[in-house]
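Order of listing sets the numbers, starting from 1, for every ligand and every atom in it.
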Amino acid sequence: MSNVDEVMAGYAGLQADQEACYKDLHQHPELSHQERRTAGRVAARLQEYGFTVHSGIGGTGVAGVLANGSGPVVLLRADMDALPVREDTGAQYASTVTARDGDGREVPVAHACGHDVHVSCLLGAGQLLAGHRGQWNGTVVTLFQPAEEAGDGARGMVDDGLLRRIPALDVALAQHVLPGIAGTVGTRPGPFLTEADSMKITVYGRGGHGSMPQNTVDPVVLAALITIRLQTVVSREVAPGETAVLTVGSSQAGTKSNIIPDRAVLLLNLRSYSQQTRQRMIDAVQRIVRAECQASGSPRDPDFETFDSFPLTDNDPDTTSRVAAAFRAHFGDRAGRAGQQTASEDFSDVPRAAGIPYTYWAIGGTDPDAYRDAEQAGRVQDDIPANHSPKFLPVLQPTLRTGTEALVAAALAWLAP
Ligand code: ZN
Ligand code: ZN
């Protein structure tokens, strides 16, 4: 038996507990920066498994350290936060939770991105590694980070001294459950997830009576023209073949039909795989917005504010091929290559701050028959709910087992003697 098989032999003994833990987390989702209950459960379990636990890093972040002789120091990471989504999966253990968001609004909360899978799998892997110390040498650091969805959870832990509290790291590893056949894993060297920025743009008009437009500068018309013109950034200014997305997700102005307001606010989301494309898009947005404001006779320069910025997830080729080889050895033809995703992640803020290589892989979470049927019909995008959908719900198994195995197999690629 391989070291991975020896460690995974313990899985049958913890499967029921892991599934119960997952359902508990699923029924108690918490918004970004509010992951107090989740962090408490995580810390208690890590302590029970014999980890040295550091809690409250960057708010609710938890790091567990398990030293087992000399050898590499491997960081395994899971994110803990849920989303303001009303779950509509019909699951027996569906969330009915509501909470107050950062703006004080009461919102429904659900684990619509599957971070409860990540937490359960990392706890399972931690328990297995702690229980089979004869199979490996080195140090495992399990990192449970807050606020991935806000893009600032990883940076918050780094800023709060994470790297001073844990041993010097050699490599960082993380995973995400995505639509795909449950039981499969996918790796990809190089750029895997886009960098992303959100931008708030305020443009100014001159308000007045709706019956006298000649005395006003109408920001509603201005915002509409900007929204249309921004559609040319990706189609006309970014090279064909280069991936980029620009979405105007919100456009707001005015209160009443017969009042011309004095300002409009646009919220944009921009994504790309290169710093060059990112800068090109930001420059184009600012140029177009300023020029449209000028064309409309806007009385004041527009304001630009960037928020929710995510770094590029750019998998180190050597680290990725080491993990891919470990996956092929363990999973056989269930290990493959992942496609590029236009989603984003802040995980890489930790390895980047530590100056170490990293890789991030995908695990499938969809019922295999449902996925194959949808694939055959060419209807994956229509029929298979993706992350953030109210209907997104990974099948319990083999998703949890596979996510646990993937973490163990990847960690042992550095730690097995
Ligand atoms: Zn998400
Ligand atoms: Zn996610």
- Decide whether S272 and E195 meet the rule of one side-chain donor and one side-chain acceptor closer than 3.5 Å. yes
- Message: Just so I know, are the side chains of V74 and D170 near enough to count as touching, which here means a heavy-atom distance under 4.5 Å?
- Response: no
Quiz item: With a 3.5 Å cut-off and no angle check, do the side chains of H176 and E345 form a donor-acceptor pair?
Solution: no
Less than 4.5 Å apart, side chain to side chain, heavy atoms only: is that true for E375 and I384? no
Ignoring waters, protein N/O/S atoms under 2.8 Å from the Zn ion (ligand 2) are C113 SG, H115 NE2, H176 NE2
- prompt: Can you tell me if Q27 and Y93 form a side-chain donor-acceptor pair at under 3.5 Å?
  reply: no
Suppose we call two aromatic rings close when their centres sit under 6.0 Å apart. Are H26 and Y22 close by that rule? yes
